[in-house]
Amino acid sequence: MEGFKTRVESWDDFSPLKHVIVGRADHTCIPPSEPATEAKVPEDSDMRGMWGPRPLETVEKANLQLDHLANLLEKRGIQVDRPTPLQWNQAVITPDFSTGSMFGCMPPRDVLLTVGKEILSAAMSFRCRFWEYLAYHGLMQRYFDEDPDFRWEQAPRPRLTEDSYKQGYFDEITIEERLKRTAELNFVTTEDEPLFDAADVMRIGKDLFCQHGLTTNRRGMEWLQRHFPNHRVHSVNFPGDPYPIHIDATFVPLRPGLIMNNPKRKLPETQRKIFEVNGWEIIDAAPPSHTQPPPLCYSSVWLSMNCLVIDPKTVCVEASEVNQMEQLDKLGMEVIPVPFRDAYPFGGGLHCATADVRREGSCEDLFPKQVEGTRIRPIN
Ligand code: DAV
């Protein structure tokens with residue numbers, strides 16, 4: 001694809017993929033704990049209390065799998081770009097806070113929200129991720145130069161002072177208490193300022209479905225609604241999730257009219273209506289093939305459903321996830337197995353590890369009947 005000039009445009013997660021960013025594991029750190037990230041480390045995790053650069057051999061193994069994914073996509077005619085990793089072990093110091101290290105750039109999906117001809121760097125709610133957008137700066141500059149219609153955008157940088165987090169939120173918290181708080185929409189982030197991670201947003205044409213959870217607050221969604229006035233922003237939440245961070249191992253669209261929902265994290269009844277009245281089917285995702293995530297991984301076993309849809313008939317699934325592969329095969333999709341478990345500890349699965357630059361198609365209205373229950377603005 002030499003000499004191919006960039007065109008940025010993507011409106012959803014299932015139209016034919018033409019150009020994508022695939023992350024890199026280089027220099028990734030386990031960040032020190034901070035008010036928002038304690039949430040990421042479950043009580044019984046082998047990561048508790050550890051921070052600093054990840055062991056080199058694990059970085060190399062993760063990069064092999066990321067490179068393999070990039071090659072596989074290129075062989076299918078998809079243009080692939082890669083970020084430029086920073087030395088993530090540097091401290092983050094702003095006028096408002098400091099923390100011992102940054103994180104990494106394996107999961108571009110967390111940071112970059114592509115909506116039409118725009119790529120928006122998210123606010124981000126972890127202090128360690130404050131500078132992460134810099135890994136994509138060179139790519140954004142190039143897209144800006146190559147595509148006269150590309151909108152290069154950045155959400156308001158949050159201050160992330162102590163006021164942005166509920167103090168002591170994670171002190172001696174049990175799983176039961178976590179689930180209770182998730183159900184009550186009581187999260188570690190306050191409403192002090194707009195906060196969101198890009199991976200909390202599921203894009204379906206004119207409608208953007210945002211997970212209200214540990215990393216995205218109501219003000220973040222209100223900001224997104226004002227920023228995208230021609231879109232309809234919805235708030236969704238998943239009471240069964242003790243660590244609600246990012247929507248893409250919970251609620252995953254496969255093609256127009258079909259979404260997989262994590263059976264342990266069901267969309268509440270009142271929020272299902274918008275899908276039902278518009279003829280969408282929500283199916284339970286197949287169970288993961290593993291009972292534990294790989295070592296030093298802070299995502300759950302449900303990365304099994306964090307698949308990368310290449311077009312409505314083709315999907316990349318982690319190679320050991322036999323149940324998930326079988327389910328998608330039965331749904332009539334061509335399933336491409338991709339070994340990826342060595343990359344999981346660096347920030348997620350196949351969807352997390354990618355960010356859209358271009359997919360075919362335009363901004364479709366796939367929810368023409370709007371109902372109350374999810375919209376953050378009243379329906380008029
Ligand atoms: O189930 O641990 C992972 C999402 C990472 N972006 C989970 C969510």
Side-chain angles (χ1 to χ4, degrees), residues 13 36 39-45 107 109-110 125 169-170 173-189 196-204 207-218 220-221 234-254 258-276 280-293 297-309 315 317-318 321 323-324 327-328 331 344 347-352 373-374:
D13 267 310
K40 274 203 124 163
V41 186
E43 299 299 320
D44 53 357
S45 162
R109 190 74 63 178
D110 296 3
S125 57
Y169 181 91
F170 294 115
I173 188 174
T174 59
I175 291 279
E176 293 69 36
E177 178 61 20
R178 279 177 189 273
L179 289 168
K180 186 165 158 276
R181 291 190 197 174
T182 302
E184 291 166 351
L185 300 177
N186 170 3
F187 302 112
V188 65
T189 41
F196 67 96
D197 281 10
D200 278 317
V201 183
M202 180 181 85
R203 307 165 302 138
I204 304 184
D207 293 86
L208 301 173
F209 295 89
C210 305
Q211 171 171 251
H212 190 188
L214 296 168
T215 40
T216 292
N217 64 12
R218 289 287 299 192
M221 293 184 239
H234 303 261
S235 174
V236 289
N237 71 287
F238 301 92
D241 188 355
Y243 317 98
I245 291 177
H246 305 159
I247 197 166
D248 55 356
T250 298
F251 207 51
V252 174
L254 295 170
L258 186 62
I259 298 193
M260 281 195 297
N261 189 187
N262 184 320
K264 297 266 159 85
R265 309 172 183 171
K266 293 255 197 189
L267 185 69
E269 209 49 54
T270 48
Q271 298 174 28
R272 299 175 83 88
K273 228 188 286 161
I274 172 97
F275 298 96
E276 287 161 2
W280 283 66
E281 195 185 352
I282 300 175
I283 57 169
D284 280 354
S289 297
H290 300 267
T291 52
Q292 292 292 325
C297 178
Y298 42 58
S299 300
S300 76
V301 290
W302 289 99
L303 288 182
S304 55
M305 62 183 288
N306 187 263
C307 55
L308 177 66
V309 177
V315 60
V317 182
E318 206 287 322
E321 294 297 344
N323 305 323
Q324 191 56 78
Q327 179 183 35
L328 293 168
L331 287 165
Y344 279 8
L350 293 158
H351 188 261
C352 306
T374 53

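Partners of Asn306 by side-chain hydrogen bond (donor to acceptor under 3.5 Å, both in side chains), not counting sequence neighbours, listed by chain and number: Asp248. Here Thr182 pairs with Phe187, Pro244 under the side chain to side chain contact (heavy atoms under 4.5 Å, CB included) rule; sequence neighbours left out. Every residue was checked against the side-chain hydrogen bond (donor to acceptor under 3.5 Å, both in side chains) condition with Arg272, not counting sequence neighbours, and none meets it.
Under the side-chain hydrogen bond (donor to acceptor under 3.5 Å, both in side chains) rule, His246 has a single partner from Asp200, Asp197, Thr216, which is Asp197. When each of Phe209, Phe251, Phe275 is tested with His234 by the rule ring-ring contact (aromatic ring centres under 6.0 Å, His included), just one qualifies, namely Phe209. Between Thr250 and the options Lys266, Gln211, Arg265, Lys264, a side-chain hydrogen bond (donor to acceptor under 3.5 Å, both in side chains) holds for only Arg265.
Side-chain contact between Arg109 and Leu308: present, with at least one pair of heavy atoms (C-beta onward) separated by less than 4.5 Å. The shortest side-chain heavy-atom distance between Val236 and Met202 does not fall under the 4.5 Å cut-off. The shortest distance between side-chain heavy atoms of Phe196 and Thr215 does not fall below 4.5 Å. Side-chain contact check for Glu318 versus Ser304: every heavy-atom pair is 4.5 Å or farther apart. The side-chain heavy atoms of Ser125 and Asn217, taken from C-beta on, include no pair separated by under 4.5 Å. Between Ile283 and Leu331 the shortest side-chain heavy-atom distance falls below 4.5 Å. Contact of the Arg218 side chain with the Leu185 side chain is not registered, since no non-hydrogen atoms from C-beta on lie closer than 4.5 Å.
The closest donor-acceptor contact from the side chain of Asn323 to the backbone of Ala286 lies at 3.5 Å or more, if one exists at all. When atom types are taken as modelled, the side chain of Asn261 and the backbone of Leu267 share a donor-acceptor pair closer than 3.5 angstrom.
Scanning all heavy atoms of the two residues, the minimum distance from Ile204 to Pro253 falls at CD1-CB, 4.3 Å. For the pair Pro242 and Gly240, the tightest heavy-atom approach, listed with the atom from each and the gap, is CD-O, 3.3 Å. His290 and Val301 make their closest contact through O-CG1, 3.5 Å (heavy atoms, listed as atom of the first residue, atom of the second, distance). When all heavy atoms are compared, the tightest approach of Met260 to Met305 is O-CE, 3.6 Å. Pairing each heavy atom of Arg181 with each of Ile173, the nearest pair is NH1-CD1, 3.5 Å. When all heavy atoms of Leu179 and Pro239 are compared, the pair lying nearest together is CD2-O, 3.7 Å.
To the nearest 0.5 Å, the span separating CD on Glu321 from CG on Leu303 amounts to 8.5 Å. With values rounded to the nearest 0.5 angstrom, Ile175 atom CD1 is found 14.5 Å from Lys180 atom NZ. Atoms OH and OG, from Tyr243 and Ser299 in turn, are 12.0 Å apart once rounded to the nearest 0.5 Å. Going from atom CG of Asn186 over to atom CD of Glu177 covers 8.0 Å, rounded to the nearest 0.5 Å. Interatomic distance, Ile259 CD1 to Leu254 CG, rounded to the nearest 0.5 Å: 8.5 Å. Taking CD of Glu269 as the reference point, atom CD of Glu276 lies at 6.0 Å (rounded to 0.5 Å).
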